[in-house]
Amino acid sequence: MADPLDTLTDEDRALLRPSDGPAFHPPMLATLTDDYFSDPGWLFERKLDGVRTLVVRYGGRTELYSRNRKQVGSSYPELVEALDAHAPPELVADGEVVAFDGAQTSFARLQSRLGLTDPRRARATGVAVHLYLFDLLVLGTHDLRALPLRARKRVLHAALEFEDPIRYSNHRNADGERYLTEACANGWEGLIAKRAHSTYQHGRSGDWLKFKCVADQEFVIGGYTDPSGSRVGFGALLLGYYDRRRDPPELRYAGKVGTGFDTATLRALRRRFDELGRERSPFVDRVPERGPHWVRPELVAQVGFTEWTRDGRLRHPRYQGLRHDKPANQVVREVPS
DNA sequence: TTCCGACAGTGGGGTCGCAAT
DNA sequence: ATTGCGACCCCACTATCGGAA
């Protein structure tokens, strides 16, 4: 194979620095925004719903690290094997481990492999994983972090033979907004927009942005939990929706939401709850909560979330406000799982 | 003086691992 | 065998404070 560094211009080559060895580097993180754009100075990648993973190879040995410096190689023995076989002996690369459910990356499926420390048990889960690589920090004796993103990606693409389960994360060079529309239509989590000339930085950066395909809908408030610590008013809202296939319709439990409130809202809602309190749970489902407080199911909250979990709960919920334009008994589950 | 970014603190679902029941 | 709890993963959001503009 030709030297991957041959893809560099002289100008980029001058930005190479000597590598300081097989160190863990805290990954570069993206900032959430809903200010979407199509700037040609940026590129756009699929946002994968998995776990961030840093590949560190040194002396031909592979170690995988989580975002928090935890060694996770034994959870993904087949990825380590593939990297041993197909990656250069010295590199640090950035990527995401994913599991597929059909054509979608599924964090839910991946969860059964997270934290497994016995490689045989990890393989025995039957959950296939892939590693998508999207950045390269170190190759051989060279540190690439000061190079512009496009140059790092070119070297990454040339440095490995990408074959399953190791994949190169493709990107588009333009049309971010159109791409986002397609992404959402495909059921993807969203896009990561990256400034094409940015260096590799550590921690949260404005040079990487998250464009997310958001979901939200109304839910009936059926109760609340106690606050803890310095929190005032209440901890979280217990949410539900009506299953109108039943007669009379039944209030199904959909999980909790505990963020998105400012202090004034916490206090104001609590005052409403004190007027609406009742003894019995309004939900037909058992609510796995210690010491919950129930209210008459009259208030309707708008809640943003990323998706429904397998267990019919909201993932990453956040409160967006009360809805006064929709009667509680009209609230149903809008999106099929 | 005002604004912004980083951080701590509170909250979510899910899984694993271990201790107590 | 079941239950509860903390530690991890993924995350959203508010409040605060110090430094930059």
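Only this structure's heavy atoms are used, side chains among them; waters, hydrogens and symmetry mates stay out. All values reported here derive from a predicted model rather than from experimental measurement. Throughout, a chain's letter reflects where its sequence line sits, starting with A, and its residues are numbered from 1.
- For A/Arg290 and C/dT3, the CZ to C1' distance is 11 Å, given to the nearest whole Å.
- Ring pair A/Tyr224/A/Phe273 is parallel by interplanar angle, where below 30° counts as parallel and above 60° as perpendicular.
- For A/Thr309, whose side chain is taken as the heavy atoms from C-beta onward, the closest listed nucleotide among B/dG14, C/dC9, B/dG12 is B/dG14.
- Comparing atom distances between the A/Arg310 side chain and each of C/dA12, B/dT15, B/dG9 picks out B/dT15 as nearest.
- A 4.5 Å side-chain heavy-atom check between A/Arg315 and A/Asp49 finds at least one atom pair inside the cut-off.
- Projected onto DNA chain B by closest heavy-atom contact, A/Ala254 and A/Arg113 fall at different nucleotides, the more 5' of which corresponds to A/Ala254.
- In this structure, the CD atom of A/Glu289 is 11 Å from the P atom of B/dG11, given to the nearest Å.
- Atom-to-atom, CZ of A/Arg69 to P of C/dC8 comes out at 14 Å; the value is rounded to the nearest Å.
- Between the CG atom of A/Leu237 and the P atom of C/dA12 there is a distance of 18 Å, rounded to whole Å.
- The shortest distance between the side-chain N/O atoms of A/Ser230 and the OP1/OP2 oxygens of B/dT10 is below 4.0 Å.
- Within the nucleic acid shown, A/Thr263 comes within 4.0 Å of sugar-phosphate atoms alone, with no base atom in reach, counting heavy atoms only.
- Contact annotation: A/Ser66 side-chain N/O to C/dC9 OP1/OP2 distance is under 4.0 Å.
- For A/Ser228, the side-chain atoms get nearest to B/dT10 when compared with the rest of B/dT10, B/dG12, C/dC9.
- Using a 4.0 Å heavy-atom cutoff across all strands shown, A/Gly50 reaches sugar-phosphate atoms only and no base atom.
- Atom C1' of nucleotide B/dG12 and atom CZ of A/Phe234 are separated by 13 Å, given to the nearest angstrom.
- At the heavy-atom level, A/Leu110 lies nowhere under 4.0 Å from the strands shown.
- Looking at the side chain of A/Tyr253, the nearest of the listed nucleotides C/dC8, B/dG13, C/dC13 is B/dG13.
- Here the C1' atom of nucleotide C/dC13 and the CG atom of A/Leu266 are 11 Å apart, to the nearest Å.
- Nucleotide C/dT3 is matched to B/dA19 when pairs are restricted to Watson-Crick or G-U wobble geometry with both distances under 3.5 angstrom.
- The nucleotide whose nearest atom lies closest to any side-chain atom of A/Arg231 is, among B/dG11, B/dG13, C/dC10, B/dG11.
- With ring centers used as reference points, A/Phe44 lies 6.0 Å or more from A/Tyr179.
- Salt bridge present: A/Arg52 and A/Asp94 bring a charged side-chain N and a carboxylate O closer than 4.0 Å.
- Residue contacts for A/Tyr319: at a heavy-atom cut-off of 4.0 Å it reaches no nucleic acid atom on any strand shown.
- Following rounding to the nearest Å, A/Arg318 (CZ) and B/dG13 (P) show an atom-to-atom distance of 14 Å.
- A distance below 6.0 Å separates the ring centres of A/Tyr241 and A/Trp308.
- Using bins of under 30°, 30° to 60° and over 60° for the plane-to-plane angle, the ring pair A/Tyr200/A/Trp208 lands in the perpendicular bin.
- Taking 4.0 angstrom as the limit, A/Arg315 places none of its side-chain polar atoms (N or O) nearer than this to OP1 or OP2 of B/dG11.
- A/Asp311 comes within 4.0 angstrom of the backbone, heavy atoms only, and of no base.
- The phosphate of C/dA12 (OP1 or OP2) has a side-chain N or O of A/Lys212 nearer than 4.0 angstrom.
- Less than 6.0 angstrom separates the ring centroid of A/Phe37 from the ring centroid of A/Phe211.
- Using a 4.0 Å cut-off, no side-chain N or O of A/Lys70 falls inside it from OP1 or OP2 of C/dC8.
- Within the 4.0 Å cut-off from OP1 or OP2 of C/dC11, at least one side-chain nitrogen or oxygen of A/Lys47 is found.
- Between A/Arg67 and C/dC11 there is a side-chain N or O to OP1 or OP2 distance below 4.0 Å.
- Mapping A/Asp262 and A/Arg52 onto DNA chain C by nearest heavy atom places A/Arg52 at the nucleotide closer to the 5' end.
- What separates CG of A/Leu314 from C1' of C/dC13 is a distance of 16 Å, to the nearest Å.
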